[in-house]
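Note sheet for the following structure.
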Amino acid sequence: MPKPKVFVTRKMPEAILNLLRAECEVSVYAHDEPPVPRAQLLREAHDAHGLYTMLTEQIDAELFDAAPNLKVVSQMAVGYDNIDTQEATKRKIPIGHTPGVLTDTTADFAFTLLMAAGRRVVEGMDYIRQGRWQTWIPFELTGSDIHGATLGLLGMGRIGSAVAKRARGFDMRVIYYDVMPNVPQVEGAERVSLDEVLAQSDFVSVHVPLTPETHHIINADTLKQMKRTAVLVNTSRGPTVDAMALYDALKNGTIAYAALDVTEPEPLPADHPLLTLPNCTVTPHIASASVATRMSMAKLAVANLLAGLKGERLPNCANPEVYQ
Ligand code: GLV
Ligand code: GLV
């Protein structure tokens with residue numbers, strides 16, 4: 001039997017490609033940037049049995065139409081809002097993703113941003129670079145305490161609950177809002193309404209998947225409900241926050257601070273208004289970017305892809321309806 005054909009949409013370590021080459025004929029878009037051009041993706045998809053994708057690729061009906069042999073799409077990310085899973089299910093194509101392996105690394109980073117914003121770490125470095133550090137000033141660069149503060153989580157899934165655990169170690173009070181009836185239970189974390197999270201939290205951290213319901217869940221109205229001293233942290237997906245409403249809120253003192261690992265648009269252009277604000281810290285979508293975790297994600301994506309090519313159930317399937 002000829003080996004199945006696979007297209008990988010980004011440069012990958014040889015160790016990962018070799019896992020695929022053992023069982024597949026592999027074609028790679030061997031660059032980091034720009035992302036694979038749409039025309040090339042459609043062309044490569046034409047005879048592909050499997051696609052190994054990134055969150056930057058739009059996987060939709062047009063792509064599926066162009067790929068008559070496609071048996072599986074395996075994405076190296078936990079989030080899959082770039083993939084039309086309904087279209088995939090209609091065509092009986094399972095979609096793989098990488099939950100679990102990045103939970104703690106991403107929670108670590110959400111906490112990194114929370115603390116960096118609360119204690120003004122990036123501003124402190126800018127202050128030194130600008131030559132402003134002339135002496136020790138008692139009320140210069142004062143921030144917000146982490147310990148004893150209230151953390152409000154939007155979304156208490158895997159990552160939200162891992163953040164809640166960290167918060168308990170810092171003696172924070174943890175409240176959360178989630179639309180799902182069954183979420184992981186973290187001792188001491190209290191389920192409340194969205195209004196209560198917004199009104200009571202010193203830190204609000206977003207951990208929801210991007211869906212029509214969560215699009216701009218942080219907007220001009222919800223920002224107004226937050227404390228004027230509040231810090232907003234986002235490690236989920238950029239469009240959960242209305243960036244221009246956030247800009248206004250940070251500029252006008254509606255809230256105190258934001259720390260964002262994800263933005264709208266992405267990448268955020270270097271001349272974006274948010275980057276002019278001293279009270280906004282932005283990182284380039286790196287919450288899961290530890291060496292070990294990115295390798296785990298890449299390997300899990302290989303496992304999903306190989307299972308799909310063999311017609312086996314994917315270890316982590318984003319559209320399990322496909323098996324009904
Ligand atoms: C990264 O954002 C992911 O979804 O894994
Ligand atoms: C969602 O992305 C989660 O892993 O909690």
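Index from 1, following the sequence. First listed ligand is number 1; within each ligand, the first listed atom is number 1. These values consider heavy atoms only, across backbone and side chains, with no hydrogens, waters or symmetry-generated copies.
You'll find the ring centres of Tyr80 and His97 inside the 6.0 Å limit.
No hydrogens or angles considered: a donor-acceptor pair under 3.5 Å links the side chains of Tyr257 and Glu123. His285 and Thr283 form no side-chain donor-acceptor contact under 3.5 Å, judged by distance and modelled atom types alone.
At least one heavy atom of Met297 sits under 4.0 Å from some atom of ligand 1.
Taking every non-hydrogen atom of Leu102 and a distance limit under 4.0 Å, the qualifying atoms of ligand 1 come out as 5 (O). Using a 4.0 Å cut-off to heavy atoms of Gly79, the atoms of ligand 1 that qualify are 3 (C), 4 (O). The contact set between ligand 1 and Val78, taken as ligand atoms under 4.0 Å from a residue heavy atom, comprises 3 (C), 4 (O), 5 (O). Heavy-atom contacts of Leu55 reach the following atoms of ligand 1: 1 (C), 2 (O) (cutoff under 4.0 Å).
Remark: Glu190 engages Arg173 in a salt bridge, criterion side-chain N to carboxylate O under 4.0 Å.
Between Ser288 and ligand 1, no pair of N/O atoms sits closer than 3.5 Å. The distance criterion of under 3.5 Å between nitrogen or oxygen atoms is met by His285 with respect to ligand 1.
Atom-to-atom distance recorded for Leu305:CG and Ser74:OG is 5.0 Å, nearest 0.5 angstrom. If you take CG on Asp242 and CG on Asp221, they are separated by 10.0 Å, rounding to the nearest 0.5 Å.
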